[in-house]
Protein chains: 4
Amino acid sequence: MPKVTEEHRLARRAQIVAAARTCVLQDGFHKATMADVIRESGLSAGAVYGYFKSKEEIVAAIAEDALSTVDEVFQKILATEQPLTPLMALETALAHVVEVSERPGGDVTRVAVQAWAEALRNPAIMSTASGKYTQLRDRFEDVARRAQADGTIDADVDPRHVAQVLFGLIPGFVLQRLIIGDVTRATYSAGLRALFRP
Amino acid sequence: MPKVTEEHRLARRAQIVAAARTCVLQDGFHKATMADVIRESGLSAGAVYGYFKSKEEIVAAIAEDALSTVDEVFQKILATEQPLTPLMALETALAHVVEVSERPGGDVTRVAVQAWAEALRNPAIMSTASGKYTQLRDRFEDVARRAQADGTIDADVDPRHVAQVLFGLIPGFVLQRLIIGDVTRATYSAGLRALFRP
Amino acid sequence: MPKVTEEHRLARRAQIVAAARTCVLQDGFHKATMADVIRESGLSAGAVYGYFKSKEEIVAAIAEDALSTVDEVFQKILATEQPLTPLMALETALAHVVEVSERPGGDVTRVAVQAWAEALRNPAIMSTASGKYTQLRDRFEDVARRAQADGTIDADVDPRHVAQVLFGLIPGFVLQRLIIGDVTRATYSAGLRALFRP
Amino acid sequence: MPKVTEEHRLARRAQIVAAARTCVLQDGFHKATMADVIRESGLSAGAVYGYFKSKEEIVAAIAEDALSTVDEVFQKILATEQPLTPLMALETALAHVVEVSERPGGDVTRVAVQAWAEALRNPAIMSTASGKYTQLRDRFEDVARRAQADGTIDADVDPRHVAQVLFGLIPGFVLQRLIIGDVTRATYSAGLRALFRP
DNA sequence: TATGAATGAGCGTTCATTCAT
DNA sequence: TATGAATGAACGCTCATTCAT
């Protein structure tokens with residue numbers, strides 16, 4: 001019973017979060033109603049509240065889910081055998097953004113933008129966002145340090161500042177894809193290569 | 001009478017938008033209630049509805065207000081007599097971000113982040129955001145073209161792609177200031193100078 | 001505006017409390033729903049919540065209302081010119097119980113019984129009940145003291161203990177009227193006269 | 001098997017009623033939830049519903065349980081060999097009230113007060129209360145008749161009216177103990193002796 | 001024109017009860 | 001027989017908006 005039940009429990013939570021994400025993608029965190037989520041999930045109100053004790057908890061789960069996709073970039077950067085240049089690290093991240101935005105279940109980057117807004121008034125989400133983004137940025141800092149060791153980047157610069165810029169290029173990529181719509185990995189990379197030191 | 005009345009009307013609208021922005025900065029677009037806005041504005045419900053026909057219209061006004069701060073960057077870039085390098089244009093923009101975030105009346109960059117999220121489900125705000133951001137990015141495109149003319153940037157690259165990157169650095173600056181909190185003009189500039197071609 | 005509005009406000013509150021009392025008399029404090037109260041009051045949900053911020057507040061108002069009928073007994077006992085004997089004081093109280101139970105708007109003694117039960121889990125109502133009942137019992141204590149001065153009651157006894165018994169006869173009168181139903185002022189008085197010292 | 005099963009059944013019912021009483025003492029009949037009762041009983045929802053077909057049935061069982069404590073007073077009055085005076089009968093009853101209020105499992109007098117309120121809207125409980133209280137009052141009527149035979153009480157008075165008063169003193173004792181809190185057997189008896197004919 | 005009391009649809013949530021296992 | 005996840009009607013309450021004054 002324990003293992004099956006635990007799996008069952010997690011499956012149900014995932015089912016609810018998926019349904020809720022669908023609603024949130026249409027209507028945003030606040031306009032999406034529990035009635036919508038309940039209908040979309042195919043469960044009853046009581047069942048949903050058996051897995052999450054409030055709408056806020058579901059919102060937090062969706063936000064965490066979306067923000068956690070950066071963990072995968074993090075892993076990819078760590079997993080690479082040969083040392084990454086800043087440009088390569090960034091391209092890895094951009095590729096990941098595109099990939100997760102096309103996964104079935106809805107464009108996670110849209111959820112992430114909502115999570116940014118929500119973080120400004122929801123300390124739990126702020127804390128998640130802050131933690132995840134700091135963690136990823138720290139990997140860019142490693143990359144910057146490596147580049148300094150190589151001599152590709154001036155050794156006098158604080159690698160954290162370099163990381164701020166590398167990491168800082170990602171939200172602009174996400175946002176332009178969603179709001180202007182004409183940005184792709186290829187165009188952004190071309191721009192990067194034109195501006196960055198070789 | 002028409003002129004006085006028209007001025008009066010605009011003043012009232014500004015008063016209401018200012019009150020609403022205060023509420024929205026605390027609670028977000030959706031958790032801020034009309035009752036909050038009405039109380040904060042010092043007017044009556046009827047009066048507020050005399051100037052805006054719905055909450056949505058107030059939200060749109062706040063969002064447009066916040067998104068319109070980019071017009072000022074736009075103007076600054078245009079107004080500069082000597083041609084701007086990409087780095088200089090960007091530093092102008094970053095300086096502007098910092099300046100508007102510290103204006104009395106509340107940090108406009110926070111409203112902008114909310115507007116990004118709202119744009120994803122509100123076509124009017126999406127349209128405003130898209131228009132304003134395209135306009136600003138077009139200025140960065142001018143800057144890129146100039147740099148290509150100078151030979152600072154490879155002439156073979158599409159200047160729009162360069163502009164995507166230049167513009168794309170701004171949301172990441174805004175977001176890191178709000179969510180991580182350790183980014184300043186100076187640190188970001190240092191990172192930029194380390195990465196960009198001289 | 002102020003005076004009219006204040007009267008209006010009190011009238012509305014009274015209207016809501018009256019409607020709520022009707023519902024509570026049928027269904028009890030907890031089975032009476034806000035929807036019932038709203039329907040009965042003829043107002044809208046929003047209007048009701050403009051006068052009371054929660055159901056609990058309405059319940060407290062009804063309970064306080066019912067418990068406050070003892071203030072009138074209190075006044076009657078004080079107002080009597082000639083000194084009251086314990087028996088006379090008690091008969092005044094019993095007459096009052098009968099009178100308030102027959103007032104239009106519903107039998108207040110039924111509400112009082114509900115208030116007793118509610119007091120056991122609601123500190124606000126407990127506090128009201130405790131205060132009102134202590135106040136009334138204190139009047140019986142005055143009566144007892146007077147009787148001791150007259151020599152009708154043994155001077156050695158604590159007048160508070162006498163008051164406990166005099167006051168204590170009232171709940172039994174109320175309860176038997178409601179639960180057994182065969183008790184009247186006349187029958188209870190006859191019993192009292194048979195048992196009490198002349 | 002039938003006997004064991006029947007015992008088992010009664011034991012389970014008692015276990016559930018005990019758990020429910022604990023909940024009801026904290027929260028009242030209506031605020032106590034079945035989930036509370038189920039948790040407190042240590043059984044499953046299905047099990048509880050195997051022994052009682054509804055919450056109402058559990059409520060009725062608790063109320064009956066509490067109201068049935070008067071049967072014991074009844075028995076004590078009957079069991080006394082020498083004839084009881086009204087005062088003695090009453091003191092027996094008061095002693096019993098105190099005793100049952102201190103039994104482990106929770107103060108039954110609190111449940112009784114709740115049962116009074118519930119009786120007003122629940123015919124089954126009204127019927128139980130009415131029956132039990134009439135039965136006990138009938139014993140006081142016997143006592144009154146005896147006192148009339150003795151000449152202690154005027155023979156012209158209807159003994160039922162005397163019983164109304166004797167019985168009527170008990171709710172006031174219970175209520176003052178719970179709501180004002182300064183009444184004891186000793187103080188109430190002192191008051192009674194001061195007021196009653198010797 | 002300005003007011004703010006009133007509206008009522010719709011919100012998030014609860015909980016007595018059932019039934020597949 | 002026992003379980004406890006699931007049900008869904010109904011709850012208390014909110015809030016964008018209106019309109020009689």
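Below, chains carry the letters A, B, ... as their sequence lines are ordered, and counting in each starts from 1. All of these numbers come straight from a predicted model, not from anything done at the bench.
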Sugar-phosphate, base or nothing in reach of D:Phe52, heavy atoms under 4.0 Å: nothing
Nucleotide F:dA5, atom C1' - distance to CD of A:Glu7 in whole Å: 17 Å
Protein-nucleotide distance (C:Arg13, atom CZ; E:dA5, atom C1'), rounded to Å: 16 Å
Side-chain donor/acceptor of C:Gln15 to backbone N/O of C:Ser41, under 3.5 Å: yes
Minimum heavy-atom distance B:Phe29-B:Ala63, with the two atoms named: CZ-CB, 4.3 Å
Distance, rounded to the nearest Å, where A:His8 contributes NE2 and E:dT21 contributes P: 11 Å
Below 4.0 Å: OP1/OP2 of E:dA6 and any side-chain N or O of C:Arg12: yes
Distance, rounded to the nearest Å, where D:Gln15 contributes CD and F:dA2 contributes P: 11 Å
Given A:Asp107, A:Asp65, A:Asp27, A:Asp36, the one that forms salt bridge (charged side-chain N to carboxylate O under 4.0 Å, His left out) with A:Arg21: A:Asp65
Working for side chain to side chain contact (heavy atoms under 4.5 Å, CB included), residues B:Val37 and B:Lys55: CA-CA 10 Å; B:Val37 172; B:Lys55 180 180 176 180; over 6 Å; no
Derivation and outcome, side chain to side chain contact (heavy atoms under 4.5 Å, CB included), residues D:Ile62 and D:Gln114: CA-CA 10 Å; D:Ile62 297 169; D:Gln114 303 228 31; over 6 Å; no
pair D:Leu178-C:Trp116: side-chain heavy atoms closer than 4.5 Å: no
Spacing between D:Ile16 atom CD1 and F:dT3 atom P, to the nearest angstrom: 11 Å
Nucleic acid footprint by protein, nucleotides 7-15 of chain E - heavy-atom cut-off 4.0 Å, B for base, S for sugar-phosphate alone: BBB-SSBBB
Secondary-structure string, 5' to 3', Watson-Crick or G-U under 3.5 Å, | for another-strand partners, for DNA chain F: .||||||||||||||||||||
C:His30/C:Glu118 under side chain to side chain contact (heavy atoms under 4.5 Å, CB included): CA gap, chis, key distance, verdict: CA-CA 10 Å; C:His30 297 285; C:Glu118 196 60 10; 3.0 Å; yes
Non-hydrogen atoms of D:Gly105 and D:Leu25 that approach each other most closely: O-CD1, 4.0 Å
